[in-house]
2 protein chains.
Amino acid sequence: MSKETKAKYSYDFPRASVTVDCVLFGLSEDKLKVLLIQRAHDPFAGKWALPGGFIEMEESLEASALRELEEETGLSKIYLEQLYTFGDCGRDPRGRTISVAYFALVQAAEHHAKGADDASAAEWFPVDKLPKLAFDHAKILDCALTRLRAKVRYQPIGFELLPRKFTLSQLQRLYELILGRELDKRNFRKKILGMSVLEELDEVEAGGARRPAKLYRFHRKQYDALVKQGFHFEI
Amino acid sequence: MSKETKAKYSYDFPRASVTVDCVLFGLSEDKLKVLLIQRAHDPFAGKWALPGGFIEMEESLEASALRELEEETGLSKIYLEQLYTFGDCGRDPRGRTISVAYFALVQAAEHHAKGADDASAAEWFPVDKLPKLAFDHAKILDCALTRLRAKVRYQPIGFELLPRKFTLSQLQRLYELILGRELDKRNFRKKILGMSVLEELDEVEAGGARRPAKLYRFHRKQYDALVKQGFHFEI
DNA sequence: CCAAAAGTGTTCACGGTACACCCATGC
DNA sequence: GCATGGGTGTACCGTGAACACTTTTGG
């Protein structure tokens, strides 16, 4: 492409570029949201896209994803998982690009992610009200949503979207949002408490013109111990 | 891109190589087996490894995997799925290499895969009697086995390892091999037949000094129809 | 007639689901 | 005192698990 510059890196065979893209899920205003950035440069200048970028040669794929997340948001990423690798030929007009996609869950999507680098803006979008996306990012996001919906049912990752202390109603609402259907309150409580992976705290929720709700915390140690004994989380 | 200098392909930034590796599972002699090739050249000359190689610029990742499979075996691959992408820095002594791993299930692992290209041999190994593997291929294989064990329980992919017509005992044995535990014959039959995704044929198994078993076939159309109605396969 | 695998039902325990009312608090 | 969400128990049904004997064939 840029034949003017010196050929700094030369190979006997052509090589594809490798990028990472991150699908970052968060929860706010009673909606499941995704973080998107607005591209400052071509291709797709002005379009919304998933945060991501080229890997560096001396960092692992996961480290690349973590770095990108750090750059785009200041947030404590809680859960990061490789999603899928997208490598179709036409997906990047600049040339063959392989993208390793990750998905991540963060607490509190309220924080304002300001656009930086080659992003002129960064914003949280509800997953059901997305703008048109650059590249094949709609496909990646779709893949991430499918994975999230499947995974949340049999792995305790939903907690990663909530604050450390939460009420059972918040937790139930989260599952309802992700799974897209209502759950019975009594059955939900019975089930989740029956697993004994929640630690009941001596605190209650503040504010609100109603009876204060007990706060709970996910008890990871307990969960890990149970898993070792063959326990299987499932909602 | 094609500059006619010594270095045929030059870029402004360093690029990693991208490869695909395939974990090919088969069934023979009452064992779950994996196809390995013996490397003809360095690095790891003489070592056993997963079949795989560099992607080409004008083929998709899946097409690369299919091509590699075709080159290594003549078999009709039946089920191919992306597994995971391995990209740690030290995994290939030749330099940074990102490997997109696929796993595939084939019928009848008896076919003789002869070594070709940079493989001096190709052989099926029982998954519980593996030689030491090159690169991080032991990790890849481990990942594939875990995925296979998980997936076989809630997706009807086990059939891909059997001939088109099979007996219920064969099917049960397959699940016992993959899951690593015995299943109750009556419960297994009740369950699998109750799903009505098997088509009972008017044929019986030939040979053998015993009562001949009925042959069945996986009824994919029926399965697809059921799935549309919300049906969920599970063993 | 013997060996070897095919084929077949019932019982029980547990977990999922459906369902409605009182409670504690802030205003 | 009223509006708002918090919190609680029971009955039914369907599914998973345990379990043993008869049938059919080839040799």
Side-chain angles (χ1 to χ4, degrees), chain A residues 27 29-30 152-154 156 162-163 165-177 179-217 226 229-235, chain B residues 27 29-30 150 152-154 156 158 162-163 165-177 179-217 226 229-235:
Chain A
L27 206 59
E29 296 161 320
D30 202 41
V152 85
R153 293 188 50 192
Y154 62 91
L162 292 177
K165 301 171 180 181
F166 51 83
T167 69
L168 290 185
S169 294
Q170 283 178 297
L171 186 62
Q172 179 178 347
R173 188 75 193 115
L174 179 153
Y175 277 101
E176 290 178 335
L177 280 174
L179 298 178
R181 67 188 153 94
E182 302 210 324
L183 302 173
D184 179 83
K185 183 162 56 160
R186 278 168 295 188
N187 293 336
F188 179 80
R189 284 164 185 249
K190 203 192 321 169
K191 183 154 198 178
I192 198 86
L193 289 178
M195 295 183 194
S196 45
V197 294
L198 292 192
E199 187 181 358
E200 183 177 337
L201 302 175
D202 288 329
E203 298 174 67
V204 290
E205 198 184 23
R210 43 149 218 269
R211 175 172 174 180
K214 282 185 209 153
L215 287 172
Y216 292 82
R217 183 161 53 183
L226 286 169
Q229 294 162 36
F231 168 76
H232 181 65
F233 182 92
E234 185 161 0
I235 291 292
Chain B
L27 205 59
E29 297 161 320
D30 202 42
V152 85
R153 293 187 51 191
Y154 61 91
L162 293 177
K165 301 171 181 182
F166 52 83
T167 69
L168 290 184
S169 294
Q170 284 178 296
L171 186 62
Q172 179 178 346
R173 188 77 193 115
L174 178 153
Y175 277 101
E176 289 178 336
L177 281 174
L179 298 179
R181 67 189 154 94
E182 301 210 326
L183 302 173
D184 179 83
K185 184 163 52 160
R186 278 166 295 186
N187 292 337
F188 180 80
R189 285 166 183 248
K190 204 191 320 169
K191 182 152 199 181
I192 197 88
L193 290 177
M195 295 184 195
S196 45
V197 295
L198 293 191
E199 187 181 359
E200 183 176 338
L201 303 175
D202 288 330
E203 299 174 66
V204 291
E205 197 184 24
R210 42 148 219 271
R211 176 172 175 180
K214 283 186 210 154
L215 287 172
Y216 291 81
R217 184 160 52 183
L226 286 170
Q229 293 161 37
F231 168 76
H232 181 65
F233 182 92
E234 184 161 0
I235 292 292

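Lettering follows sequence order; numbering is per chain, from 1. As the structure is a computational prediction, the values presented were derived from the model and not from experiment.
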Exercise for the section: Go through the N and O atoms of the side chain of A:Lys191 and the base of C:dT17, and report whether any donor-acceptor pair is under 3.5 Å. Expected result: no

Exercise for the section: Hey, could you give me the CD1/CZ distance between A:Ile192 and A:Phe233, rounded to the nearest 0.5 Å? Expected result: 4.5 Å

Fill in the blank from the handout: To the nearest angstrom, the NZ-P distance between A:Lys185 and D:dG9 comes to 13 Å

Exercise for the section: Give a yes or no on whether a donor-acceptor pair under 3.5 Å exists between the nucleobase atoms of D:dT15, that is its base, and the side chain of B:Lys190. Expected result: no

Exercise for the section: Starting at atom CD of A:Glu205, determine the distance to atom C1' of C:dG26, rounded to an integer number of angstrom. Expected result: 13 Å

Practice task
Classify the nucleic acid contact of A:Thr167 as base, sugar-phosphate or nothing, counting any heavy atom under 4.0 Å across all strands shown.
Solution key: nothing

Exercise for the section: Quick one: label B:Lys214 by what it contacts on the DNA or RNA (base, sugar-phosphate, nothing), any heavy atom closer than 4.0 Å. Expected result: sugar-phosphate

Exercise for the section: Measure from CZ on A:Arg153 to C1' on C:dG16 and round the result to the nearest Å. Expected result: 12 Å

Handout entry: Rounded interatomic separation in angstrom, taking CG from A:Asn187 and C1' from D:dG7
Key = 14 Å

Handout entry: Toward the 5' end of DNA chain C, by each residue's nearest nucleotide, A:Asp184 or A:Glu234
Key = A:Glu234

Handout entry: Euclidean distance, atom CD1 of residue B:Ile192 to atom P of D:dA17 [Å, nearest integer]
Key = 14 Å

Exercise for the section: Measure from the side-chain heavy atoms of B:Arg211 and tell me the nearest of D:dG7, C:dT10, C:dA6. Expected result: C:dA6

Problem - Carboxylate-amine/guanidinium contact B:Arg210 B:Glu205, below 4.0 Å - result: yes

Exercise for the section: Would you tell me if any nitrogen or oxygen in the side chain of B:Ser169 comes within less than 4.0 Å of OP1 or OP2 on C:dA5? Expected result: no

Practice task
Between C:dA6, D:dT8, D:dA20, spot the one nearest the side chain of A:Arg186, thanks.
Solution key: D:dT8

Handout entry: Side chain proximity check, A:Val204 to A:Leu215, heavy atoms < 4.5 angstrom
Key = no

Handout entry: Euclidean distance, atom CZ of residue A:Phe188 to atom C1' of C:dC19 [Å, nearest integer]
Key = 18 Å

Handout entry: 5' precedence on DNA chain D between B:Arg210 and A:Gln170 (nearest-nucleotide basis)
Key = A:Gln170

Fill in the blank from the handout: From the list A:Lys190, A:Lys185, A:Arg189, A:Lys191, side chain to side chain contact (heavy atoms under 4.5 Å, CB included) with A:Asn187 holds only for A:Lys190

Fill in the blank from the handout: In whole angstroms, the gap separating P of C:dA6 from CG of B:Leu193 amounts to 14 Å

Practice task
State which of D:dC19, D:dG6, C:dA6 makes the closest approach to the side chain of B:Arg189.
Solution key: C:dA6

Practice task
Whole angstrom is fine here: how far is it from CD in B:Gln172 over to P in C:dT8?
Solution key: 14 Å

Handout entry: Closest to side chain of B:Ala209, choosing from C:dT8, D:dG27, C:dC19
Key = D:dG27

Practice task
Decide, yes or no, whether a salt bridge links B:Arg181 with B:Glu176 under the criterion of side-chain N to carboxylate O below 4.0 Å.
Solution key: no

